[in-house]
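See below for the structure under consideration.
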Number of protein chains: 2
Amino acid sequence: MSNKRVDIHNSNIPQVCVACEARHHGVCGTLTPAQLTKLSQTTNKHIYSPDEEMVPAGGEISHYSNILSGVVKLTRLMADGRQQIVGLQFAPDFLGRPFRASSDISAEAATEVRVCAFPKSTLEELVNEAPELEHKLHEQALKELDEAREWILTLGRKTATEKVASFLYLIATHIDPERSLDTAPMRFELPLKRADIADFLGLTIETVSRQITKLRKSGIIELEGTRIVIVPSIAALRRASASDSF
Amino acid sequence: MSNKRVDIHNSNIPQVCVACEARHHGVCGTLTPAQLTKLSQTTNKHIYSPDEEMVPAGGEISHYSNILSGVVKLTRLMADGRQQIVGLQFAPDFLGRPFRASSDISAEAATEVRVCAFPKSTLEELVNEAPELEHKLHEQALKELDEAREWILTLGRKTATEKVASFLYLIATHIDPERSLDTAPMRFELPLKRADIADFLGLTIETVSRQITKLRKSGIIELEGTRIVIVPSIAALRRASASDSF
DNA sequence: CGGCAACTTGAAATAATTCAAAAGTAGTGG
DNA sequence: CCACTACTTTTGAATTATTTCAAGTTGCCG
């Protein structure tokens, strides 16, 4: 009998969604089985390679996605080639700018990125019939706004060392969607190369490299090769990032 | 007979809302007369003086407001006293962080600011019964997110002169909610003093002052006293701010 | 008119960039 | 498996943009 309950529960949910992370923590979490079915019919899983462009700047927005795994860079380009990463997105974030035909921001895969994509129109229809979905998108927009303002503080007022420490702290606290914010030591692979980190922090590659060396020599971090970082104490890293509020 | 129509139209709308800007371009625009009445019963108009704190950082959020006139600074403070303005808000923006008990960001009046305030709970009840209201708030959050990311580019990659020009361009295009984005010369009073501009741009007061002098000597702007700015060509100012996308 | 805060200007100090080169890492094909 | 190339990262020395420190000047409100 217990397997009947399981059957009933799952039989209403589209096969592609059953094991999907986004259904639990992402925007799909608010949808009814019927709405999930509607969405899944236009849905398209896709894998991007590192540095592949996912959504070009300026172009017509034709689809949105849920990030299933990997890290996405949101970047802005200036006329003379100067570049700035204006945001990073992690699984299971929603990716896209709702209610706009186009955007000046391009989305690029930083790592390998798996997404579940669907047409703009499908989402917009669902939003009309499911206020809970718009609420979820609203919550994510507010979360991104909080993060963007945190980053404005970092770019405007922190030193180069504090900026790099802030970046490492950001990655440490976002790279694993499951992990709780505990104090245990951490080991992870940097999703960004030095050039990307520089574009995120408004610094040069060389300065980033020097600050990483400095943090390593001061014992805040250890390195394995060039991409693997070990953080003996998250609290110490947080202190180095000067992110304590008063 | 035409005055009967006008009567019907206006008799349903609360007296305090009739002439209100926020009803046309702000979040109140989506509310029915009945909802407007409900909101207006808990509504409280208030005037803040320049540099007065409107919402303290860290504190419990008890109310939201619509800005009727003036400019509001959103600021973040670091433990050691470093300060950064992370956003500016103009009439008829909605002011507050929905769905959160508190925020690290404080709101301060930059100029004299008139607001229409109401309790957190009233808004949250209205949101539940009026999806259009949440949509409007969502749109504003997305607009603020776009602006925050624009500012991240400014802070991360522009020179001091470009930053100051970007600030002047921002003010020129936001100070007057009515004015369309035309190319005619403009004259306006700066809503921020040099110290605030420095905190917004991540610079020092002295650097801001030097760049303003530089822009004046190059003919991009003219000054009357220290707060009145004349912009002979908005296009030239925009060029100086390096805000052209490719 | 006086006094205080806001703003400007100058000179020296500093943090970060630029330019240059070396060292490490990864992928490819013989 | 090693050699070859291309790319990424590190390190060093010189240069530059911005800050810091220190006076001045201007402008505003009582």
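Atom set for the values below is all heavy atoms of this structure, side chains included, hydrogens, waters and symmetry mates excluded. Here the structure is a predicted model, which is why all the values come from computation and not from measurement.
Within the structure, every pair that satisfies the salt bridge (charged side-chain N to carboxylate O under 4.0 Å, His left out) test and touches residues 209-237 of chain A, not counting sequence neighbours, is listed here: Arg187(A)-Glu224(A). For residues 78-91 of chain B, every residue pair satisfying the salt bridge (charged side-chain N to carboxylate O under 4.0 Å, His left out) rule, not counting sequence neighbours, is listed here: Glu162(A)-Arg82(B), Asp80(B)-Arg82(B). Residue pairs meeting the salt bridge (charged side-chain N to carboxylate O under 4.0 Å, His left out) criterion with at least one member in residues 46-63 of chain A, sequence neighbours excluded: Asp51(A)-Lys73(A), Asp51(A)-Lys193(A).
If you check residues 157-167 of chain B against DNA chain D, the residues with a heavy atom closer than 4.0 Å are Thr159(B), Ala160(B), listed by number. Residues from residues 193-203 of chain A placing a heavy atom under 4.0 Å of any atom in DNA chain C, listed by number, are Gly202(A), Leu203(A). For residues 208-223 of chain B, proximity to DNA chain D is found at Arg210(B), defined as any non-hydrogen atom under 4.0 angstrom from a strand atom.
Looking at residues two or more places apart in sequence or on another chain, you find no ring pair (Phe, Tyr, Trp, His ring centres under 6.0 Å) involving His25(B). Under the rule for a ring pair (Phe, Tyr, Trp, His ring centres under 6.0 Å), the partners of Tyr64(B) that lie at least two apart in sequence or sit in another chain are Phe94(B). In this structure, the side-chain hydrogen bond (donor to acceptor under 3.5 Å, both in side chains) partners of Ser69(A), at least two apart in sequence or on a different chain, are Arg114(A). Every residue two or more places apart in sequence or in another chain that forms a salt bridge (charged side-chain N to carboxylate O under 4.0 Å, His left out) with Lys120(B) is listed here: Glu124(B).
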Q.
side chain to side chain contact (heavy atoms under 4.5 Å, CB included) for Met186(B) and Val229(B)? Distances and angles first, verdict last.
A. CA-CA 8 Å; Met186(B) 268 195 85; Val229(B) 176; over 6 Å; no
Q | Intermediate values then yes/no, side chain to side chain contact (heavy atoms under 4.5 Å, CB included), Leu237(A) and Leu168(A) | A | CA-CA 8 Å; Leu237(A) 178 59; Leu168(A) 294 172; 4.0 Å; yes
Q: In sequence, state the C-alpha distance, the side-chain angles, and the governing distance for Lys158(B) and Ser243(B), and then conclude on side chain to side chain donor-acceptor pair (under 3.5 Å).
A: CA-CA 10 Å; Lys158(B) 293 187 187 176; Ser243(B) 288; 3.0 Å; yes
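In this structure, the side chains of Gln84(B) and Ile152(A) come closer than 4.5 Å at one or more pairs of heavy atoms. Annotation: side chain of Arg97(A) is not in contact with side chain of Ile105(A) (no heavy-atom distance under 4.5 Å).
Each end of the helix from dC1(C)-dG30(D) to dG30(C)-dC1(D) gets its own rotation axis from five pairs of C1' atoms, and the angle between them is 40° to the nearest 10 degrees.
Nucleotide dT18(D) holds its P atom 17 Å from the CD1 atom of Ile205(B), rounded to whole Å. Distance Glu224(B) CD to dC7(C) C1': 17 Å, rounded to the nearest Å. Rounded to whole angstrom, the span from the CD atom of Glu206(B) across to the P atom of dA12(C) amounts to 16 Å. Per the geometry, CD1 belonging to Ile228(B) stands 12 Å off P belonging to dC7(C), to the nearest Å. Between the CG atom of Leu155(B) and the P atom of dA16(C) there is a distance of 15 Å, given to the nearest Å. For Arg227(A) and dT10(D), the CZ to C1' distance is 15 Å, given to the nearest whole Å.
Taking both residues in full, the closest heavy atoms of Phe167(A) and Leu192(A) are given as CE1-CD2, 4.0 Å, listed atom of the first, atom of the second, then distance. Counting all heavy atoms, side chain and backbone alike, Ala141(B) lies closest to Leu142(A) at CB-CD2, 3.9 Å. A pairwise comparison of heavy atoms in Lys163(B) and Thr154(B) identifies CE-O, 3.5 Å as the closest pair. Minimum heavy-atom separation, Arg100(A) to Ile61(A): O-CD1, 3.6 Å.
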Q | nucleotides 24-30 of chain D: protein proximity per nucleotide (B base, S sugar-phosphate only, - neither; heavy atom, under 4.0 Å) | A | -------
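The side chain of Thr207(A) places an N or O atom within less than 4.0 Å of a non-bridging phosphate oxygen (OP1 or OP2) of dT17(C).
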